[in-house]
Structures are given as structure tokens and as C-alpha cells.
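The structure appears right after this line, and notes come after that.
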Amino acid sequence: MTNTAVTAVADRYRQPMTLGNAVLDIHPIAMVAGITALIVVGLASAGWIVPLAVSVLFVGIAYLAGRGPSYLVTILKLWIAVGLILFALRALLVKGETVLVPLGPIAITREGIENGLRFTTAVMVICGGVTLFFAIVSMRRLMLALERIGVSPRVSYVILASFQAITDLGATARVVLDAQKARGIEAEGNVFVRAHAFFPVLAPVFLTAMTATEERAIALDARAFNNPGRHTSLLNLKPFTAVDTVLVVLSLVVAAAAVTGGILGWF
């Protein structure tokens, strides 16, 4: 490799990392502040319209970030699997004066439906915000941002490794299940068939995870992770810009206004 090529590669790594999208390039700390403020707005409202509107806004942000289709599929599954169950339970179990549908010892009341809508949309606005955050913010960028503001590299690594372990366990489980299918073992069907095929997978999955943990510890020692000096990174995170600062300040103002408005009953 010529000196010119080496210089070009070095210059590329010196440049702040960009993802080619205005939303994705927002600083991770500013993104945390913005999404948290929207969640607070949804939770501070006494009704169900505001949290529902915030949930729709999350979908719009996901599309602006180029993650719309995958985020929409995930959030719809959450609404169906979690939202409908929560709404049905609250609508049936919360007592009220205005009975709409009597069902023996229990009844569906207007108060129960209103309570169910409020509770369900509040829970789903939290789910939507957390799902959006992980859809558009890389954990590596977030941990690097935390280190830049003074968080210990050990703490950031533990958080990153914890999230990565979940992904690794899922990938390993799928590999083992595919291997079982290749051997002719039935792994698809009803719940009982899937459970019967899944439990034997746990042992090799966790053994693989333990081996990976040891390998990761050796790799960290080889990279002088415990060195007390300042750690370096191949990723050069973009510093806080004026847009990021405005977003953080605006998020704090919006969150404070939402809490105040919720206490005073403004919305």
C-alpha cells in the first residue's frame, strides 16, 4: 500500500462518522433527550389522544430516519400482542357506572374503556419510544458518546456487551435450531412442538456464550482495555453541534412544560 493510500485511509478514520441521514446523524445524547421528552409528553396527558398522537409521531420519525417499514412492523406487533391484551383486561376489570355490555359477573363499561385506552396508549408510547431509540441509534455510538462525557469505559462496555449478548444468544439459538432441522428433528408446528425442540437448544447456546465471554476477555486484555490511560476508538463521533444543543434544550423545555401541564390539568 502506497503512502498516499495509507494517508487516505487515515484521513477517512479521522473524519466524524456520518450515516448519510439527518435524523440518524443526530448526536446520541440529543436523541435520548428528544425521545424521552416525547415519552414524557405522552405520559403527562390525562387522556389517550396525546399519547396516541406521540405514537404516530414516532412512526413518522422512523420513516424520516429510513427505518420506517421495519419499525412499523415491530410496533404493530407490539400493539397486537400487548396493546390489545392490556386494553381488553382494563376494559373488563375496571368497574364503572355506565354499563355498555353486561357479561355476567363482569361488564364492559364506558369508564373501563376510557381507562383501558388511557392505560394502553401510555404503555405503548413507552414501548414505541424505546423501540424507536434502538431502531435509529447504534449502541456503539451511544456508548462512545457516554465515554466522551466522562462515563467509565468499563461501564459503557458492560452495557454494550449486555445488549450484544442478547443478539448473540438469539443468533446462536437460530443456528442450533437450523442444525436440528437439517438432522430431521421436528422444530416447527404448534407451541408444544416448538417448546420440545427449543429446550434442548439451551445447553449448547449457553455453552457457546460462555466460550465467547472467555474469548472476549482475552481480546480485551490484548487491546490493553484495563490501561488507565485514555482509550482510543476507530470511530470518531461527531461533536455536539448547534442543532444538537437546541434539541436538548428544547426537549428539556417541552418535558418540563408537559409535566407542569399534566399537574395543572391543561391537557
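Small disclaimer: the values here were computed from a predicted structure and weren't measured. Residue numbers run from 1 in the order of the sequence given.
Using a 4.5 Å heavy-atom threshold, the side chains of Leu142 and Val32 count as touching. Counting only heavy atoms from C-beta outward, the side chains of Glu97 and Thr109 never approach each other to under 4.5 Å. Proximity of Arg67 to Leu132: side-chain heavy atoms (C-beta onward) are nowhere separated by under 4.5 Å. Side-chain contact between Glu114 and Trp48: absent, with no pair of heavy atoms (C-beta onward) separated by less than 4.5 Å.
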Just distance, no hydrogens or angles: give the donor-acceptor pairs under 3.5 Å from side chains in residues 243-264, sequence neighbours left out.
| from | atom 1 | to | atom 2 | distance (Å) |
| --- | --- | --- | --- | --- |
| Asp244 | OD1 | His27 | N | 3.3 |
| Asp244 | OD2 | Thr241 | N | 3.2 |
| Asp244 | OD2 | Thr241 | OG1 | 3.0 |
| Thr245 | OG1 | Thr241 | O | 3.1 |
| Ser251 | OG | Gly34 | N | 3.4 |
| Ser251 | OG | Leu247 | O | 2.6 |
| Thr260 | OG1 | Ala256 | O | 2.8 |

Distance-only criterion, 3.5 Å: show the donor-acceptor pairs between side-chain atoms of residues 115-127 and protein atoms not counting sequence neighbours.
| from | atom 1 | to | atom 2 | distance (Å) |
| --- | --- | --- | --- | --- |
| Asn115 | OD1 | Arg90 | NE | 2.8 |
| Asn115 | OD1 | Arg90 | NH2 | 2.8 |
| Arg118 | NE | Ser45 | O | 3.0 |
| Arg118 | NE | Gly47 | O | 3.4 |
| Arg118 | NH2 | Leu43 | O | 2.9 |
| Arg118 | NH2 | Ser45 | O | 2.7 |
| Thr120 | OG1 | Phe87 | N | 3.2 |
| Thr120 | OG1 | Gly116 | O | 2.7 |
| Thr121 | OG1 | Leu117 | O | 2.6 |
| Thr121 | OG1 | Arg118 | O | 3.1 |

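Considering all non-hydrogen atoms of both residues, Ala65 and Ile136 come closest at CB-CG2, 3.7 Å. Pairing each heavy atom of Phe58 with each of Gly128, the nearest pair is CD1-C, 3.7 Å. Annotation for Leu24 and Arg141: closest pair O-NH1, 3.3 Å, computed over non-hydrogen atoms. Counting all heavy atoms, side chain and backbone alike, Ser55 lies closest to Trp79 at OG-CZ2, 4.2 Å. Taking all atoms of both residues into account, the shortest heavy-atom contact from Met31 to Val137 is CG-CG2, 3.4 Å.
Placement of Leu84 and Leu76 in two distinct hydrophobic clusters is found when ILVMFWY residues are connected by side-chain heavy-atom separations under 4.5 Å, directly or transitively.
Residue Leu92 holds its CG atom at 9.5 Å from CD1 of Ile113, rounded to the nearest 0.5 Å.
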Quiz item: Is there a side chain to side chain contact (heavy atoms under 4.5 Å, CB included) between Leu146 and Met143 once you walk through the steps?
Solution: CA-CA 5 Å; Leu146 291 177; Met143 295 304 105; 3.7 Å; yes
Self-check item: Worked verdict on Leu38 versus Ile61 for side chain to side chain contact (heavy atoms under 4.5 Å, CB included)
Solution: CA-CA 12 Å; Leu38 291 176; Ile61 295 174; 3.9 Å; yes
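When atom types are taken as modelled, the side chain of Glu111 and the backbone of Val94 share no donor-acceptor pair closer than 3.5 angstrom.
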